[in-house]
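Here's the structure, in structure tokens; my notes come after.
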Amino acid sequence: MQQKEGEMLFKLNLEKVKELRKEKGLSQEEVAKILGLKTVYPYHRKESGRQSFTAEELMMLSNIYNVPCEKFFYSSCCKK
């Protein structure tokens with residue numbers, strides 16, 4: 001997909017997701033349970049970028065970590 005001039009691109013910052021989890025003192029297994037996942041494996045795949053977080057999961061993480069959803073994203077603007 002090609003970015004148009006002046007268009008904002010947002011990319012999930014997985015390092016920030018991991019950092020916030022650790023700051024709260026939570027394990028991947030604990031967060032997986034909070035999100036309603038049956039095992040830690042799907043959460044590990046999400047945090048490592050092999051599987052995408054859903055919008056609902058990001059909203060839940062926002063509430064767990066008490067930060068706005070925007071905190072999870074990098075943003076960049078294309079200028080030509």
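We count residues from 1, following the sequence as given.
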Non-hydrogen atoms of Thr54 and Lys46 that approach each other most closely:
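Between these two residues, the closest heavy atoms are N-NZ, 4.5 Å.
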Write down the atom of Val17, the atom of Phe53, and the distance for their closest heavy-atom approach.
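The pair with the smallest heavy-atom distance is CG1-CZ, 4.1 Å.
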Return the [atom1] to [atom2] distance between [X] and [Y], rounded to the nearest 0.5 Å.
X: Leu12; Y: Cys69; atom1: CG; atom2: SG; result: 10.5 Å
X: Glu29; Y: Lys33; atom1: CD; atom2: NZ; result: 4.5 Å
X: Glu19; Y: Lys71; atom1: CD; atom2: NZ; result: 8.5 Å

In this structure, which one of [options] forms a side chain to side chain contact (heavy atoms under 4.5 Å, CB included) with [X]?
X: Tyr43; options: Glu30, Glu57, Gln28; value: Gln28
X: Phe72; options: Val67, Leu14, Asn13; value: Val67
X: Val31; options: Leu20, Leu61, Val40; value: Leu61

* **Partner of Ser48 by side chain to side chain donor-acceptor pair (under 3.5 Å), out of Arg50, Arg45, Gln51** =>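 Single pass found, and it is Arg50.
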Q) Would Phe73 and Tyr65 show up in the same hydrophobic cluster when neighbours are defined by side-chain heavy atoms closer than 4.5 Å? A)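 Linked, Phe73 and Tyr65 end up in one cluster.
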* Asked: Around atom CD of Glu23, are there more than 12 heavy atoms of other residues, nucleotides or ligands at under 6.0 Å?
  ->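 Yes, because the 6.0 Å sphere around CD of Glu23 holds more than 12 heavy atoms from other groups.
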**Item:** Arg21, Lys18, Lys22, Lys16 screened by salt bridge (Lys or Arg N to Asp or Glu O under 4.0 Å) with Glu47, the one that passes
**Value:**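 The passing option is Arg21.
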